[in-house]
Amino acid sequence: MPARLRSAGPAILILPGFLLVAGLFVWPVAQLVATSFGDKAGALVHYSKIFTETTYLRVVSRTLLLSAQTALLCVLLGYPLAYQLNRAGRIGKALILVCILIPFWTNLLVRTYGWIILLNPQGVINGLLRQVGLIEGSLPLVYNSTGVLVGMTQIMLPYMVLPLAAVMSRLDPAVMRAARSLGASPLAAFLKVYVPLTLPGVLGGSLLVFMLSLGFFVVPAILGGPRDLLLAQLIEFNINQTLNWPFAAALSTVLLVATVTLYWIGDRFFGLGRLWGAR
Amino acid sequence: MTRGLGNGILSAIAGLLCLFLIMPTLIVAPISFTQTDFITFPPRGFSTRWYEAFFERPEWYGSLVTSTIVAIATTLLATLLGSMIALGLVRLSRRANRLVSFFFLLPMIVPTIITAAALYSPFAKLGLVATVPGLVLAHTILALPFVVINVSAVAQSMDWRMVNAARSLGASPLTAFRRVTLPVLAPGIAAGAIFAFLTSFDEVVVALFVSGSGATTLPVQMWSGIRFEISPIVAAASCLLLLVSCLLLALFWFLKRK
């Protein structure tokens, strides 16, 4: 068979999907990006607004800060959980996996609604704390930035634990035994050998969580308060409330560039594409 | 001694983290059986009134029907197109494979709020807003990467010499595909289909923009339920969604073990 004919095979198989994604995804996104520049007052007028007006600067920095906080919390909570997942016996492992995978597979709205039930002033946690006598009134746990951070961390934690546990399981246990036999204390061996060897997993996981957090819409919209507006909500607001499409397009472009750049870095240095096998 | 203590502390921390992960998901189950008109914990009494309300109110039951139809159609379309793409990808050179894979992963990388915003105008022009076909097309784009990933994983590790063997033994290309390729790829295709179904069934953000009075999905109905109606009917709906997730997860695990 001539080479030209042989290479027609994959093209024909890929073509229908390619046309769909190109026509109903890539082209519309490109159009959206183009909209952000097409203003009579100047191509960059919307961008200068985002990066000079305090209101919008605050939204951008709040989004960056919240994503960083979420990533940090996910490392702090995810590391011990991944460690335990890797070390536990058959039953312990199954239990931890069930606790990770059931929420991971369950609708985002179900989990967000669950947090409202748990965190609201009349909710489960405030009720328990009142019964124990630790508090008198109720702690403001939801409809503010605390609520968003708690909800985001729970939703992003599996994205940290699963890749991290995979990195830990590939680590040769002989390395730790060698460190111990050379006289390192358990703590020294853990800090000087185990942690550095799992660091790529930590960095890759953090990058993934940070990147995914930047574009979050549902959780902050439900668990946040009116003063905790984030980038994705600002985009939605400009489309549905003020109908300011060019400005929404500029905000989208900023978010798009940030996300794709982070993905590119992650894929190049941490194999993010491979880490991200699951949902 | 200290080792035992360390293990104990670590187990306790892991236990608390597990509770943190699973509590918000499981809490909806007891709440959905309450007799009261509002959400209370512990729930008072036991009744199935909120489930009856769910199936009696057309906005809730109707949205479940729409979501199911959209998810099934999305699964069929995404699984077919995604499997074809994966079969094409294995025949490409490494370089081309990477590039084309990246193209098909894009809908997964781009934040859904941007996809939603981008799709709105063309969908409005094509008359696809608030229609079932519109939702199916939008969800197929989002579900496609998951099918491509799952089928590719199996296709990459498949021994393609088996197909050549079948062909040299006289099987037609179609027979070789049906009797050799397809059975080997089946677990990957099934896993991709499960992911595609769940992607569509659970999707909120794009549906918020693309659906409307003509076609409202269950997550969109839940969205307005959570924001505007603090009634345990949302807990009943959540519990139904939780049930669907658990069934699909069990199915996925069963497939993986096979």
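Letters A, B, ... are given to chains in the order of the sequence lines, protein chains preceding strands, and every chain is numbered from 1.
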Find out whether [X] and [Y] are in side-chain contact, i.e. whether some heavy atom of one side chain is under 4.5 Å from a heavy atom of the other.
| X | Y | value |
| --- | --- | --- |
| S245(B) | I102(A) | no |
| F104(B) | I14(A) | yes |
| F20(B) | V150(A) | yes |
| Q84(A) | N7(B) | no |
| F123(B) | L24(A) | yes |
| F209(B) | N240(A) | yes |
| S121(B) | W245(A) | yes |
| F25(A) | L142(B) | no |

Shorter than 4.5 Å, heavy atoms on both sides: which option in [options] has the most such pairs with chain A?
| options | result |
| --- | --- |
| V148(B), L81(B), L16(B), L10(B) | L10(B) |
| W223(B), F102(B), W253(B) | W223(B) |
| A191(B), P122(B), P219(B), C246(B) | P219(B) |
| L144(B), I141(B), T140(B), L89(B) | I141(B) |
| L249(B), L92(B), L19(B), L80(B) | L249(B) |

Heavy-atom proximity to chain A below 4.5 Å, by part of [X]:
| X | value |
| --- | --- |
| I9(B) | neither |
| C18(B) | both |
| A235(B) | both |
| L77(B) | neither |
| V234(B) | both |
| S11(B) | both |
| I31(B) | side chain |

Write down the atom of [X], the atom of [Y], and the distance for their closest heavy-atom approach.
| X | Y | result |
| --- | --- | --- |
| I27(B) | G114(A) | CG2-CA, 3.7 Å |
| Y113(A) | S238(B) | CD2-OG, 3.7 Å |
| L118(A) | M23(B) | CD2-CE, 3.8 Å |

Calculate, to the nearest 0.5 Å, the distance between atoms [atom1] and [atom2] belonging to [X] and [Y] respectively.
| X | Y | atom1 | atom2 | answer |
| --- | --- | --- | --- | --- |
| R111(A) | L26(B) | CZ | CG | 12.0 Å |
| N107(A) | L242(B) | CG | CG | 10.0 Å |
| T259(A) | L106(B) | OG1 | CG | 11.5 Å |
| L15(A) | M84(B) | CG | CE | 8.5 Å |
| L109(A) | D202(B) | CG | CG | 8.5 Å |
| L81(A) | I13(B) | CG | CD1 | 10.5 Å |

Qualifying residues under salt bridge (charged side-chain N to carboxylate O under 4.0 Å, His left out), relative to R227(B), sequence neighbours excluded: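 Salt bridge (charged side-chain N to carboxylate O under 4.0 Å, His left out) list for R227(B), sorted by chain: empty.
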W105(A) ring center near F197(B) ring center (under 6.0 Å): no
F216(A) portion near chain B, given a 4.5 angstrom heavy-atom threshold: neither
Donor-acceptor contact present, side-chain Q154(A) to main-chain L21(B), <3.5 Å: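 Side chain of Q154(A) to backbone of L21(B): a pair is present.
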Distance-only criterion, 3.5 Å: show the donor-acceptor pairs between side-chain atoms of residues 109-120 of chain B and protein atoms not counting sequence neighbours.
none

